[in-house]
Amino acid sequence: MSSYYVGLVIQACISIIAVTGIFALTGLAGMFSLGQAAYMAVGAYVTFILAANTGLPFWITSLGGIATCALVAWVAALPTVRMRKDYFSLISVGLGQAITALLITFSDITNGSQGYSKIPKVEHLMPLAILLVVLVVFCIRNLKYSRFGRMCIALKTDELAAKSFGINVYQLKIKIYILASIVASLAGILYGLQNRVLLPESFGWTASSEQEIFLFFGGTNSLTGAVFSAAFLKCLPEIFRNVTLFGQSLQEYRTIIYCILILLIINFRPTGLLGERELSLGALRKRFSRGKSSKVKGGKKHE
(Lines give C-alpha, C1' and ligand atoms only; values in the text may rest on other atoms or scores of the structure.)
Protein backbone atom coordinates (compact mmCIF):
# COMPACT_ATOMS: atom_id res chain seq x y z
CA MET A 1 0.00 0.00 0.00
CA SER A 2 1.35 3.45 -0.94
CA SER A 3 2.08 6.08 1.68
CA TYR A 4 -0.84 8.16 0.39
CA TYR A 5 -3.40 5.44 1.15
CA VAL A 6 -1.70 4.64 4.46
CA GLY A 7 -2.10 8.29 5.46
CA LEU A 8 -5.73 8.22 4.37
CA VAL A 9 -6.45 5.15 6.49
CA ILE A 10 -4.80 6.75 9.54
CA GLN A 11 -6.82 9.95 9.01
CA ALA A 12 -10.00 7.87 8.90
CA CYS A 13 -8.95 6.08 12.10
CA ILE A 14 -8.35 9.40 13.90
CA SER A 15 -11.77 10.62 12.78
CA ILE A 16 -13.49 7.40 13.90
CA ILE A 17 -11.91 7.55 17.38
CA ALA A 18 -12.86 11.23 17.83
CA VAL A 19 -16.44 10.72 16.64
CA THR A 20 -16.82 7.61 18.83
CA GLY A 21 -16.05 9.83 21.83
CA ILE A 22 -18.63 12.34 20.59
CA PHE A 23 -21.13 9.48 20.24
CA ALA A 24 -20.64 8.56 23.91
CA LEU A 25 -21.29 12.15 24.97
CA THR A 26 -23.99 13.24 22.53
CA GLY A 27 -25.47 9.99 21.21
CA LEU A 28 -25.80 8.28 24.58
CA ALA A 29 -26.12 11.10 27.12
CA GLY A 30 -27.54 13.87 24.89
CA MET A 31 -24.82 16.38 25.86
CA PHE A 32 -23.97 18.51 22.81
CA SER A 33 -20.39 19.79 23.04
CA LEU A 34 -18.47 21.97 20.58
CA GLY A 35 -15.18 21.84 22.45
CA GLN A 36 -14.10 18.21 22.32
CA ALA A 37 -11.33 18.87 19.81
CA ALA A 38 -9.59 20.93 22.50
CA TYR A 39 -9.15 17.73 24.53
CA MET A 40 -7.39 16.23 21.53
CA ALA A 41 -4.94 19.12 21.88
CA VAL A 42 -4.48 18.61 25.64
CA GLY A 43 -3.71 14.91 25.25
CA ALA A 44 -1.35 15.44 22.32
CA TYR A 45 0.58 18.43 23.69
CA VAL A 46 1.11 16.98 27.16
CA THR A 47 2.17 13.60 25.76
CA PHE A 48 4.82 14.93 23.41
CA ILE A 49 6.07 17.74 25.65
CA LEU A 50 6.66 15.17 28.41
CA ALA A 51 8.36 12.84 25.92
CA ALA A 52 10.70 15.60 24.72
CA ASN A 53 11.60 16.84 28.22
CA THR A 54 11.94 13.50 30.02
CA GLY A 55 13.30 11.28 27.26
CA LEU A 56 10.66 8.65 27.99
CA PRO A 57 8.91 6.85 25.08
CA PHE A 58 5.63 8.41 23.99
CA TRP A 59 3.57 5.37 24.96
CA ILE A 60 4.52 5.98 28.59
CA THR A 61 4.06 9.76 28.51
CA SER A 62 0.71 9.24 26.76
CA LEU A 63 -0.59 8.00 30.12
CA GLY A 64 0.31 11.43 31.51
CA GLY A 65 -1.44 13.11 28.58
CA ILE A 66 -4.60 11.05 29.09
CA ALA A 67 -4.55 11.66 32.87
CA THR A 68 -4.10 15.42 32.34
CA CYS A 69 -6.97 15.42 29.87
CA ALA A 70 -9.20 13.60 32.38
CA LEU A 71 -8.25 16.12 35.08
CA VAL A 72 -9.00 19.12 32.85
CA ALA A 73 -12.33 17.57 31.83
CA TRP A 74 -13.21 16.92 35.49
CA VAL A 75 -12.44 20.54 36.49
CA ALA A 76 -14.42 21.84 33.50
CA ALA A 77 -17.36 19.50 34.14
CA LEU A 78 -17.89 20.37 37.82
CA PRO A 79 -19.62 23.73 37.16
CA THR A 80 -20.78 23.30 33.55
CA VAL A 81 -22.79 20.06 33.61
CA ARG A 82 -25.21 21.64 36.10
CA MET A 83 -26.33 23.99 33.35
CA ARG A 84 -29.15 23.43 30.90
CA LYS A 85 -28.18 21.61 27.71
CA ASP A 86 -28.18 24.69 25.47
CA TYR A 87 -26.06 26.68 27.93
CA PHE A 88 -23.69 23.73 28.29
CA SER A 89 -23.19 23.74 24.50
CA LEU A 90 -22.36 27.46 24.51
CA ILE A 91 -19.96 27.09 27.43
CA SER A 92 -18.20 24.18 25.69
CA VAL A 93 -17.32 26.49 22.78
CA GLY A 94 -15.73 28.95 25.20
CA LEU A 95 -13.81 26.22 27.01
CA GLY A 96 -12.45 24.86 23.74
CA GLN A 97 -11.35 28.29 22.56
CA ALA A 98 -9.80 29.05 25.96
CA ILE A 99 -7.64 25.91 25.77
CA THR A 100 -6.40 26.76 22.27
CA ALA A 101 -5.71 30.35 23.41
CA LEU A 102 -3.64 29.03 26.32
CA LEU A 103 -1.59 26.95 23.91
CA ILE A 104 -0.67 30.14 22.04
CA THR A 105 -0.08 32.14 25.24
CA PHE A 106 2.42 29.65 26.71
CA SER A 107 4.54 29.69 23.57
CA ASP A 108 7.74 29.04 25.55
CA ILE A 109 6.48 25.50 26.17
CA THR A 110 4.15 24.84 23.23
CA ASN A 111 5.95 26.93 20.57
CA GLY A 112 2.71 28.86 20.07
CA SER A 113 1.26 29.38 16.63
CA GLN A 114 4.49 28.16 14.97
CA GLY A 115 3.58 24.63 15.98
CA TYR A 116 5.10 22.02 18.25
CA SER A 117 7.22 19.61 16.21
CA LYS A 118 9.29 17.62 18.73
CA ILE A 119 7.31 14.48 17.97
CA PRO A 120 9.01 11.11 17.43
CA LYS A 121 8.58 9.23 14.20
CA VAL A 122 6.76 5.93 14.64
CA GLU A 123 7.09 3.09 12.17
CA HIS A 124 4.06 0.96 11.29
CA LEU A 125 1.61 3.56 12.54
CA MET A 126 -1.34 2.17 10.58
CA PRO A 127 -1.60 -1.13 12.56
CA LEU A 128 -1.49 0.90 15.80
CA ALA A 129 -4.26 3.20 14.52
CA ILE A 130 -6.46 0.26 13.47
CA LEU A 131 -5.86 -1.45 16.83
CA LEU A 132 -6.90 1.71 18.69
CA VAL A 133 -10.05 2.01 16.56
CA VAL A 134 -11.06 -1.59 17.29
CA LEU A 135 -10.37 -1.14 21.01
CA VAL A 136 -12.26 2.17 21.34
CA VAL A 137 -15.27 1.08 19.26
CA PHE A 138 -15.47 -2.23 21.15
CA CYS A 139 -15.41 -0.45 24.53
CA ILE A 140 -18.03 2.16 23.58
CA ARG A 141 -20.23 -0.53 21.99
CA ASN A 142 -20.15 -2.53 25.23
CA LEU A 143 -20.75 0.66 27.20
CA LYS A 144 -23.91 1.35 25.20
CA TYR A 145 -25.46 -1.97 26.22
CA SER A 146 -24.22 -1.87 29.82
CA ARG A 147 -26.12 -0.59 32.87
CA PHE A 148 -24.12 2.65 32.68
CA GLY A 149 -25.09 3.06 29.01
CA ARG A 150 -28.77 2.51 29.78
CA MET A 151 -28.57 5.19 32.47
CA CYS A 152 -27.02 7.56 29.92
CA ILE A 153 -29.84 6.85 27.46
CA ALA A 154 -32.37 7.50 30.24
CA LEU A 155 -30.62 10.81 30.92
CA LYS A 156 -30.83 11.71 27.25
CA THR A 157 -34.50 10.75 26.97
CA ASP A 158 -35.79 12.56 30.08
CA GLU A 159 -33.50 13.98 32.74
CA LEU A 160 -36.32 14.51 35.24
CA ALA A 161 -37.54 10.93 34.84
CA ALA A 162 -33.96 9.67 35.24
CA LYS A 163 -33.72 11.55 38.56
CA SER A 164 -37.02 10.07 39.74
CA PHE A 165 -35.60 6.57 39.20
CA GLY A 166 -32.72 7.32 41.54
CA ILE A 167 -30.01 8.08 38.96
CA ASN A 168 -27.41 10.58 40.14
CA VAL A 169 -27.61 12.74 37.02
CA TYR A 170 -24.85 15.14 38.05
CA GLN A 171 -22.27 12.40 38.66
CA LEU A 172 -23.36 10.57 35.51
CA LYS A 173 -22.78 13.67 33.38
CA ILE A 174 -19.33 14.18 34.86
CA LYS A 175 -18.33 10.56 34.21
CA ILE A 176 -19.50 10.49 30.58
CA TYR A 177 -17.89 13.88 29.90
CA ILE A 178 -14.54 12.66 31.27
CA LEU A 179 -14.82 9.43 29.28
CA ALA A 180 -15.52 11.31 26.03
CA SER A 181 -12.55 13.60 26.71
CA ILE A 182 -10.23 10.63 27.30
CA VAL A 183 -11.28 9.15 23.94
CA ALA A 184 -10.63 12.54 22.33
CA SER A 185 -7.12 12.58 23.85
CA LEU A 186 -6.37 9.23 22.16
CA ALA A 187 -7.40 10.71 18.82
CA GLY A 188 -5.18 13.75 19.51
CA ILE A 189 -2.12 11.61 20.30
CA LEU A 190 -2.64 9.62 17.10
CA TYR A 191 -3.08 12.90 15.18
CA GLY A 192 0.28 14.13 16.49
CA LEU A 193 2.03 10.87 15.56
CA GLN A 194 0.76 11.13 12.00
CA ASN A 195 1.30 14.84 11.32
CA ARG A 196 4.37 15.26 13.60
CA VAL A 197 3.42 18.88 14.20
CA LEU A 198 0.73 20.35 16.46
CA LEU A 199 -0.90 23.68 15.64
CA PRO A 200 -3.38 25.27 18.09
CA GLU A 201 -5.75 26.31 15.29
CA SER A 202 -6.15 22.66 14.28
CA PHE A 203 -8.10 22.03 17.49
CA GLY A 204 -10.57 24.92 17.41
CA TRP A 205 -14.36 24.79 17.50
CA THR A 206 -14.48 24.15 13.74
CA ALA A 207 -12.84 20.75 14.28
CA SER A 208 -15.37 20.00 17.04
CA SER A 209 -18.30 21.03 14.85
CA GLU A 210 -16.97 18.86 12.02
CA GLN A 211 -17.03 15.86 14.37
CA GLU A 212 -20.61 16.64 15.39
CA ILE A 213 -21.59 16.80 11.70
CA PHE A 214 -20.08 13.36 11.16
CA LEU A 215 -22.13 12.03 14.09
CA PHE A 216 -25.44 13.55 12.93
CA PHE A 217 -24.85 12.35 9.37
CA GLY A 218 -24.49 8.73 10.45
CA GLY A 219 -27.12 8.87 13.19
CA THR A 220 -26.80 10.06 16.77
CA ASN A 221 -28.31 6.80 18.08
CA SER A 222 -26.16 4.48 15.96
CA LEU A 223 -22.51 3.76 16.74
CA THR A 224 -22.25 1.92 13.42
CA GLY A 225 -23.53 4.99 11.58
CA ALA A 226 -21.09 7.24 13.44
CA VAL A 227 -18.14 5.01 12.53
CA PHE A 228 -19.05 4.73 8.85
CA SER A 229 -19.87 8.43 8.43
CA ALA A 230 -16.63 9.48 10.19
CA ALA A 231 -14.57 7.37 7.80
CA PHE A 232 -16.54 8.32 4.67
CA LEU A 233 -16.82 12.08 5.27
CA LYS A 234 -13.17 12.33 6.33
CA CYS A 235 -12.05 10.68 3.09
CA LEU A 236 -14.56 12.59 0.95
CA PRO A 237 -12.35 15.69 0.43
CA GLU A 238 -9.52 13.44 -0.75
CA ILE A 239 -11.90 11.83 -3.27
CA PHE A 240 -12.71 15.33 -4.58
CA ARG A 241 -9.07 16.45 -4.66
CA ASN A 242 -8.73 15.98 -8.43
CA VAL A 243 -12.25 17.23 -9.23
CA THR A 244 -12.39 20.93 -10.10
CA LEU A 245 -15.26 23.43 -10.08
CA PHE A 246 -14.75 26.96 -11.46
CA GLY A 247 -11.02 26.27 -11.63
CA GLN A 248 -10.75 25.22 -7.97
CA SER A 249 -10.52 21.79 -6.38
CA LEU A 250 -13.74 20.62 -4.74
CA GLN A 251 -11.62 19.96 -1.66
CA GLU A 252 -11.74 23.71 -1.04
CA TYR A 253 -15.53 23.50 -0.78
CA ARG A 254 -15.40 20.86 1.96
CA THR A 255 -17.36 22.92 4.51
CA ILE A 256 -20.05 23.79 1.96
CA ILE A 257 -20.39 20.13 0.95
CA TYR A 258 -20.71 19.10 4.61
CA CYS A 259 -23.40 21.75 5.18
CA ILE A 260 -25.39 20.60 2.15
CA LEU A 261 -25.17 16.97 3.27
CA ILE A 262 -26.31 17.77 6.81
CA LEU A 263 -29.21 19.89 5.51
CA LEU A 264 -30.33 17.01 3.30
CA ILE A 265 -30.09 14.62 6.25
CA ILE A 266 -32.05 16.94 8.57
CA ASN A 267 -34.85 17.38 6.03
CA PHE A 268 -35.16 13.87 4.61
CA ARG A 269 -33.61 11.62 7.28
CA PRO A 270 -33.68 13.41 10.66
CA THR A 271 -32.43 10.35 12.54
CA GLY A 272 -29.33 10.04 10.32
CA LEU A 273 -28.46 7.48 7.69
CA LEU A 274 -28.75 4.45 9.97
CA GLY A 275 -31.12 5.86 12.58
CA GLU A 276 -30.93 3.48 15.54
CA ARG A 277 -29.73 0.44 13.62
CA GLU A 278 -26.47 -1.24 14.59
CA LEU A 279 -24.35 -3.64 12.60
CA SER A 280 -23.65 -6.83 14.57
CA LEU A 281 -22.44 -10.35 13.84
CA GLY A 282 -25.75 -11.76 15.06
CA ALA A 283 -27.75 -9.62 12.64
CA LEU A 284 -25.44 -10.57 9.76
CA ARG A 285 -25.84 -14.27 10.59
CA LYS A 286 -29.65 -13.92 10.65
CA ARG A 287 -29.68 -12.06 7.35
CA PHE A 288 -27.37 -14.66 5.78
CA SER A 289 -29.47 -17.57 7.07
CA ARG A 290 -32.69 -15.94 5.80
CA GLY A 291 -31.18 -15.41 2.37
CA LYS A 292 -29.95 -18.99 2.29
CA SER A 293 -33.34 -20.43 3.35
CA SER A 294 -35.19 -18.30 0.78
CA LYS A 295 -32.89 -19.62 -1.96
CA VAL A 296 -33.58 -23.20 -0.85
CA LYS A 297 -37.35 -22.61 -0.87
CA GLY A 298 -37.12 -20.94 -4.27
CA GLY A 299 -35.21 -23.92 -5.62
CA LYS A 300 -37.84 -26.38 -4.31
CA LYS A 301 -40.69 -24.39 -5.85
CA HIS A 302 -38.89 -24.30 -9.18
CA GLU A 303 -38.56 -28.09 -9.12
Side-chain angles (χ1 to χ4, degrees), residues 9-37 39-40 43 66 73 85 89 92 129-157 162 172-173 175-188 190-191 207-236 258 261-262 265-266 269-288:
V9 170
I10 296 172
Q11 281 184 30
C13 289
I14 295 167
S15 179
I16 290 170
I17 293 170
V19 174
T20 301
I22 295 286
F23 172 81
L25 186 66
T26 305
L28 292 183
M31 299 169 66
F32 187 84
S33 173
L34 287 172
Q36 291 306 105
Y39 292 106
M40 292 175 63
I66 293 168
K85 290 183 179 180
S89 300
S92 68
I130 294 172
L131 178 63
L132 277 176
V133 166
V134 172
L135 180 64
V136 169
V137 172
F138 177 76
C139 290
I140 299 300
R141 185 262 177 199
N142 287 345
L143 178 75
K144 179 180 178 179
Y145 296 108
S146 67
R147 182 174 178 270
F148 183 83
R150 290 194 295 272
M151 287 194 297
C152 289
I153 293 171
L155 167 65
K156 176 185 177 181
T157 305
L172 185 63
K173 285 181 177 180
K175 289 175 183 176
I176 197 67
Y177 186 73
I178 292 173
L179 175 64
S181 301
I182 288 173
V183 175
S185 70
L186 290 174
L190 193 58
Y191 176 89
S208 299
S209 60
E210 183 181 84
Q211 294 166 10
E212 290 285 355
I213 287 172
F214 292 171
L215 176 64
F216 278 88
F217 183 82
T220 55
N221 298 319
S222 172
L223 178 58
T224 306
V227 169
F228 280 112
S229 66
F232 171 70
L233 293 180
K234 192 65 179 180
C235 296
L236 192 63
Y258 286 164
L261 287 174
I262 203 67
I265 287 293
I266 289 172
R269 184 75 177 176
T271 57
L273 283 181
L274 293 185
E276 297 185 3
R277 286 176 293 177
E278 295 286 5
L279 183 64
S280 64
L281 292 176
L284 289 174
R285 286 196 199 100
K286 287 181 182 179
R287 187 173 292 274
F288 179 75

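Residues take their numbers from the sequence shown, with the count starting at 1.
- Within a 6.0 Å radius of CZ in F138, other residues, nucleotides and ligands contribute 12 heavy atoms or fewer.
- Taking the side chain to side chain contact (heavy atoms under 4.5 Å, CB included) definition, one finds that A29 meets it with M31, C152, L155, I176, sequence neighbours left out.
- Using a 4.5 Å heavy-atom cutoff, the side chains of F148 and L172 are in contact.
- Side-chain contact check for K156 versus T220: some heavy-atom pair is nearer than 4.5 Å.
- To the nearest 0.5 angstrom, F228 atom CZ is 8.0 Å from L274 atom CG.
- With rounding to the nearest 0.5 Å, the separation of CZ in F32 from CD in E212 is 4.0 Å.
- Of the inter-residue distances, the one linking R141 atom CZ with S146 atom OG reads 10.5 Å to the nearest 0.5 angstrom.
- Here the CD1 atom belonging to I14 is positioned 10.0 Å from the CG atom belonging to L132, to the nearest 0.5 angstrom.
- When the side chain to side chain contact (heavy atoms under 4.5 Å, CB included) test is applied to L186, the partners found at least two apart in sequence or on another chain are I17, I66, V136.
- For the pair A226 and S229, the tightest heavy-atom approach, listed with the atom from each and the gap, is O-OG, 3.1 Å.
- The list of salt bridge (Lys or Arg N to Asp or Glu O under 4.0 Å) pairs with a residue in residues 143-153, not counting sequence neighbours, reads K144-E278.
- I130 has its side chain within reach of C13: a pair of non-hydrogen atoms, C-beta onward, lies under 4.5 Å apart.
- Of all heavy-atom pairs spanning L215 and G27, the tightest one is CD2-N, 4.3 Å.
- When all heavy atoms of L25 and S33 are compared, the pair lying nearest together is CD2-CB, 3.5 Å.
- Under the 3.5 Å distance criterion, the side-chain polar atoms of T20 are matched with a main-chain donor or acceptor of I16.
- Atom OG1 of T224 is separated from atom CG of L273 by 12.0 Å, given to the nearest 0.5 angstrom.
- Q211 places none of its side-chain heavy atoms less than 4.5 Å from the side chain of F23.
- S15 places no side-chain N or O within 3.5 Å of a backbone atom of A12 that could act as its donor or acceptor partner.
- Considering all non-hydrogen atoms of both residues, I265 and F216 come closest at CG2-O, 3.9 Å.
- Side-chain contact between T271 and N221 is absent, with no heavy-atom pair separated by less than 4.5 Å.
- Residues A37 and S208 approach most closely at N-OG, 3.0 Å, considering heavy atoms.
- Panel note: side chain S181, backbone Y177; a donor-acceptor pair is recorded below 3.5 Å.
- The main-chain N or O of L34 is found under 3.5 Å from a side-chain atom of S92 such that the two form a donor-acceptor pair.
- Residues L28 and A24 share a closest heavy-atom pair of CB-O, 3.3 Å.
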